[in-house]
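No hydrogens, no waters, no symmetry mates; every other heavy atom, side chains included, goes into these values. Below, chains carry the letters A, B, ... as their sequence lines are ordered, and counting in each starts from 1.
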Protein chains: 4
Amino acid sequence: MNRKPIRVGVLGATGAVGQRFISLLDTNPWFTITAVAASERSTGARYADACTWRLPGDCPDSVRDLPVQPCEPGLDCDIVFSALPADIARDVEVQMAAAGYGVFSNASAHRMDPDTPLLIPEVNPDHLALIPIQREKRGWDKGFIVTNPNCSTIGLTLALKPLHDAYGVRIVMVTTMQALSGAGYPGVPSLDILDNVIPYIKGEEEKMIQEPRKILGDFVPTEGKVRPAFMLISPSCNRVAAIDGHLETVSVELEREAAVEEVIAAFRNFTSLPYELGCPSAVNPTIIVRDEPDRPQTRRDRDAGNGMTITVGRVRPCEVLEHKFVVLSHNTIRGAAGASILNAELLVAQGMI
Amino acid sequence: MNRKPIRVGVLGATGAVGQRFISLLDTNPWFTITAVAASERSTGARYADACTWRLPGDCPDSVRDLPVQPCEPGLDCDIVFSALPADIARDVEVQMAAAGYGVFSNASAHRMDPDTPLLIPEVNPDHLALIPIQREKRGWDKGFIVTNPNCSTIGLTLALKPLHDAYGVRIVMVTTMQALSGAGYPGVPSLDILDNVIPYIKGEEEKMIQEPRKILGDFVPTEGKVRPAFMLISPSCNRVAAIDGHLETVSVELEREAAVEEVIAAFRNFTSLPYELGCPSAVNPTIIVRDEPDRPQTRRDRDAGNGMTITVGRVRPCEVLEHKFVVLSHNTIRGAAGASILNAELLVAQGMI
Amino acid sequence: MNRKPIRVGVLGATGAVGQRFISLLDTNPWFTITAVAASERSTGARYADACTWRLPGDCPDSVRDLPVQPCEPGLDCDIVFSALPADIARDVEVQMAAAGYGVFSNASAHRMDPDTPLLIPEVNPDHLALIPIQREKRGWDKGFIVTNPNCSTIGLTLALKPLHDAYGVRIVMVTTMQALSGAGYPGVPSLDILDNVIPYIKGEEEKMIQEPRKILGDFVPTEGKVRPAFMLISPSCNRVAAIDGHLETVSVELEREAAVEEVIAAFRNFTSLPYELGCPSAVNPTIIVRDEPDRPQTRRDRDAGNGMTITVGRVRPCEVLEHKFVVLSHNTIRGAAGASILNAELLVAQGMI
Amino acid sequence: MNRKPIRVGVLGATGAVGQRFISLLDTNPWFTITAVAASERSTGARYADACTWRLPGDCPDSVRDLPVQPCEPGLDCDIVFSALPADIARDVEVQMAAAGYGVFSNASAHRMDPDTPLLIPEVNPDHLALIPIQREKRGWDKGFIVTNPNCSTIGLTLALKPLHDAYGVRIVMVTTMQALSGAGYPGVPSLDILDNVIPYIKGEEEKMIQEPRKILGDFVPTEGKVRPAFMLISPSCNRVAAIDGHLETVSVELEREAAVEEVIAAFRNFTSLPYELGCPSAVNPTIIVRDEPDRPQTRRDRDAGNGMTITVGRVRPCEVLEHKFVVLSHNTIRGAAGASILNAELLVAQGMI
């Protein structure tokens, strides 16, 4: 790209995911942060003063002196990344889109809206065809909302995609062991997780049942909507004592028979449209398959591909369904801020921004 | 019991499970420790000197001055508890049984021997009918070997038992999140588990596939052996950063339909033969069902019933199979030393010792 | 004691320390819980409903159905234990004492009030002579306030006491490694402490500088007040990833020379007035000295003496001051709820209640 | 540097520190790894096969196919980095130096040898004057041994250096909270450290007493040796549950009075000779001083300056000595492999290699 960086804002910029957005955008060659917005409590302060930086190292210099603004139209930027909580995101994102901003949201509020793309660039880039439909339906001129899936969905869905394309995935049993950063900050109290496992994450299983079906569904032009994939998914979600990285044990039933080697080959041959288009956050390969019996491991593999690669391992026959394997993804990069940024990059690469 | 305590020995007394045996036996009213045995390295030393005590508190006074003896016949006791590694247990346990000792083994060596009971007193006490067959086949006079299952099997199998009795369990999908003490000492290096999950435990999944089928199988008097339950089990075993307590997410397919309330009632109504017989390690209830959405939790529930109760929670319909739930058991008490001691108590209560 | 149990209430009963009070009082033979009080949010609810129980196991049956009342006079009990935050404790505790209740407070609000005992029963029981002075000064009839020290102070001060009596402690350098439960619930976010150490605990060092001097000070009857011990204390307080147990490295300069063996003997010979008086929470010994080079350890030693014993180890010469050692105490039992209950027991044993 | 990269070998290349050497050297522009050596067990195998890679990510491609050789002369390289255990290092390092290799050792074996530099390039580069003396004494032609200090020493000594230069450090009280990686692999068993602190690290306190005095000592040309700094150091060493990063609370007594602002200024103004010379591993600043009350924190600050910067915080008056502060350093980079590599870079930059 020889054009000027696109001016972007971050909504919910002081929170855990917001900081991850800031951190990733700071070194992104296509975007430059020109606005940060947060709740009223912080409005008016310098970003560096409003925000207790909790990622390793320091708050990037490029945003330290930006004034924190309210989460509403008037931000000096073309697109916004939303790290807002779902209940606040619901209205704010609509207001922003109506005011002409491109909204890339990590919030769950609009993910299942029929006219809104729930996008993983490597999986369902054709779902962007929903944008004109969304604009028309909502009466938006140039604004739009594009969402990315929940952090536990995204690793699973990326792993399912090559299998679904080649063999048709019919049934998915998945147990997650999810990292603490998925709960935001302050999030999980330390007394709740040290020497412990919590077998419950509110709302998570519901998302894992629905979201992959939409993402893996077909956009039907004649109907102007996405027909969900027919797929039964049974998730069991757990919180474990890891900082970053969601590990998932997965069993799948396929429509068409496949040998273990074919399943592995499907993972390994998976290609990435955003990588081919030169998106700076895209990685190659998107899926790493490890051969060691005890990998992927949360701490050792989460940062593969700057946190944008997912790692699969232990691909083997399942005693009940057809195959089982383990998949790991970095939940705040691949599963949240990095996902949203890659979404925006895809639109840029396709000339939609 | 108004009789004198039974004199017991512990094989592998200095290791992690051995220490747990010592700790539990020290306060058991039916047994008194009169012999401790370990590898040659320790032989001859006082137990307190040979053993670096790693459980909370101190080595019990009653065993501090016992001399560590070799793991071979000649121990001054009637029965022995074996905390030996499988490869050593294989021969030693046979030697001890041949020499007339009752052997209660936590090792995996003989669990799947057709003539050897793989016993959970609340589940398959009738499998003790294998003992005379074992004696006859092996030419043993009064000795015998009784084994208890693997630590990850026992919680699962206790939870399956009431469902199997009432509705017939046909398919089991299980993902475990297992504690560090299951790997013994030194076991898992800290660099391998802090801020990490390891999706692999060597040999564990094989045990979980086989053992429940034997335990839940039927002893067929006419054949003199146990016919394994017909049941497909697909386990995925993981190590997490918890000291004690194996948490498992389980989905089951039943032969006969059951409502969620019926499944819960089956858990709650489960009764315990060893408790009825007054065995001191038996607890009532054997299975606690919790109603909170986020329980059982490893640290908060593992010590229920002095570590002998298993805790079930999140009983709910499964999107793929029929029901799913979470089960927790204390792996070194209910799943190892406590299990073996309860096995011995059952034989005492039934006049077999 | 052949008298009826004393009726007690707990202020701040639903919080972390409040639950610890409930848990310990539930099995205390001298006290019976007849009232629980908490913030307005919980008032009116059953205790079991108002309180998410976070200690291992379940909320004791004896309090499940008690109604949560407001923290103000009118509670049906004779004495109250206060687990209130300092800012709320300040006024509420005075109101309760004025209304005739004996107040045993774990809050910091009144610890340094000149007319208020800052009590460790084994250390400064004579400071209870402040009670009549307090009553007279405040115009209270039968009510009073007795406080216990901060959780990091109490282990240190118990260890200093025998040295101070025998040799005079002049200088103390102490670095603490404090457990998470010391911060209450939700307390320390897990993202702040996993794979981390935080070298700061707000307000903690100030308390460690002042409180030991008051506790080890002399009550001067003619002045009606406590003259603080002359002692320089330099604390450095850190938060580490442990559930319970404050470990402290300590170096001391003594007024009169002492050999290492004499220091150890002073620890070992330390006697406990409340134990001699038969107080049920008192233990003997109060101080355990361990010989192993790597003890005390937080998890392995915190529960010694039901959490009421402190454990000292690594007693050795200091390269700068005279001696150094390590001390461990259970911060929510010995250092908070258990401390306050033992304070109350001392008053009962001495006929002051 | 426009010269060809220097050919280097790594002794003990498969262990924890050895892997860190490989990882850092792989991207170092001045060095290229041409030989890897390890114990006999691994000899002959490809490095990638002999070594279970335990750092995040994968073993670098550049070394995967190198054959593992024995730790003895004959390695195809000019200098070697030694990650050997002390007992093996003692003889091997001498053999290598005698055979003409420049040896940069992380082992403790020769650190305190009077003719051997114990080097921190920013602190005592003039101690390299020992090399000709070492060669002459030992009869070595071009080989030599240069050591770096223990991981807990190096952060402390870097922090003391600017204070010692400006004000003269006389007394140091230090308590360490050291990470698990300092113990190598497998190192500390997870059962020993989860929910725990171990107040003891074998041999560590002895090193912290001696090493800083040698490093901060004066090389006296007329005597041909280093006169140790006169300084009393009292260390208390603890192991905590962190992966990397040694945090230390430090109190110092200075010879000449200094205000807190002057101490902070001394830290901030500290300059680095290797940085000025363009050494690729050198960073600027060497010492970061943070103003937040709760920093440095182990996980959040250990990677500052690619792990080569130390971070100081909480600089404040000490109630007993003159000042106290907290210092953090990355123990396997700044405190081990990175330190040794920077040592080698200094010799290269000064034309000694």
Side-chain angles (χ1 to χ4, degrees), chain B residues 14-20 23 51-59 83 151 177-202 238-247 297-303 307 330-333 335-337, chain D residues 14-20 23 51-59 83 151 177-202 238-247 297-303 307 330-333 335-337:
Chain B
T14 56
V17 175
Q19 293 186 20
R20 190 59 88 170
S23 169
C51 171
T52 303
W53 190 256
R54 299 190 195 282
L55 293 177
D58 279 305
C59 173
C151 52
M177 287 156 277
Q178 300 184 223
L180 300 165
S181 58
Y185 186 90
V188 182
S190 52
L191 288 174
D192 282 350
I193 203 63
L194 191 69
D195 186 16
N196 204 18
V197 175
I198 305 176
Y200 179 66
I201 299 174
K202 197 177 175 180
N238 303 278
R239 188 75 71 192
V240 298
I243 295 287
D244 291 310
H246 288 356
L247 191 78
Q297 292 177 16
T298 303
R299 194 182 81 239
R300 293 194 166 110
D301 293 297
R302 64 190 172 203
D303 292 324
H330 193 299
N331 57 300
T332 65
I333 300 178
Chain D
T14 56
V17 175
Q19 293 187 18
R20 190 60 89 171
S23 170
C51 169
T52 302
W53 191 255
R54 299 192 197 279
L55 294 177
D58 280 304
C59 172
C151 52
M177 286 155 277
Q178 301 184 223
L180 301 164
S181 60
Y185 186 90
V188 182
S190 51
L191 288 175
D192 282 350
I193 203 65
L194 191 69
D195 185 17
N196 203 19
V197 174
I198 305 176
Y200 178 67
I201 300 174
K202 197 176 175 181
N238 303 278
R239 187 76 70 192
V240 298
I243 296 286
D244 292 310
H246 288 356
L247 191 79
Q297 292 178 15
T298 303
R299 194 182 79 238
R300 292 193 166 110
D301 292 298
R302 65 192 172 201
D303 292 324
H330 192 299
N331 56 301
T332 64
I333 300 179

With a strict 4.5 Å heavy-atom criterion, list every residue of residues 187-194 of chain D that contacts chain B, or say none.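 Counting heavy atoms that sit under 4.5 Å from chain B, the residues of residues 187-194 of chain D involved are V188(D), P189(D), S190(D), L191(D), D192(D), I193(D), L194(D).
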Applying side-chain contact (heavy atoms from CB on, under 4.5 Å), name anything that partners A83(B), two or more places apart in sequence or on another chain.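 A83(B) satisfies side-chain contact (heavy atoms from CB on, under 4.5 Å) with V17(B), F21(B) only.
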Between A242(D) and chain B, with a heavy-atom cut-off of 4.5 Å, which part of the residue counts as in contact: side chain, backbone, both or neither?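 Just the backbone, heavy atoms under 4.5 Å.
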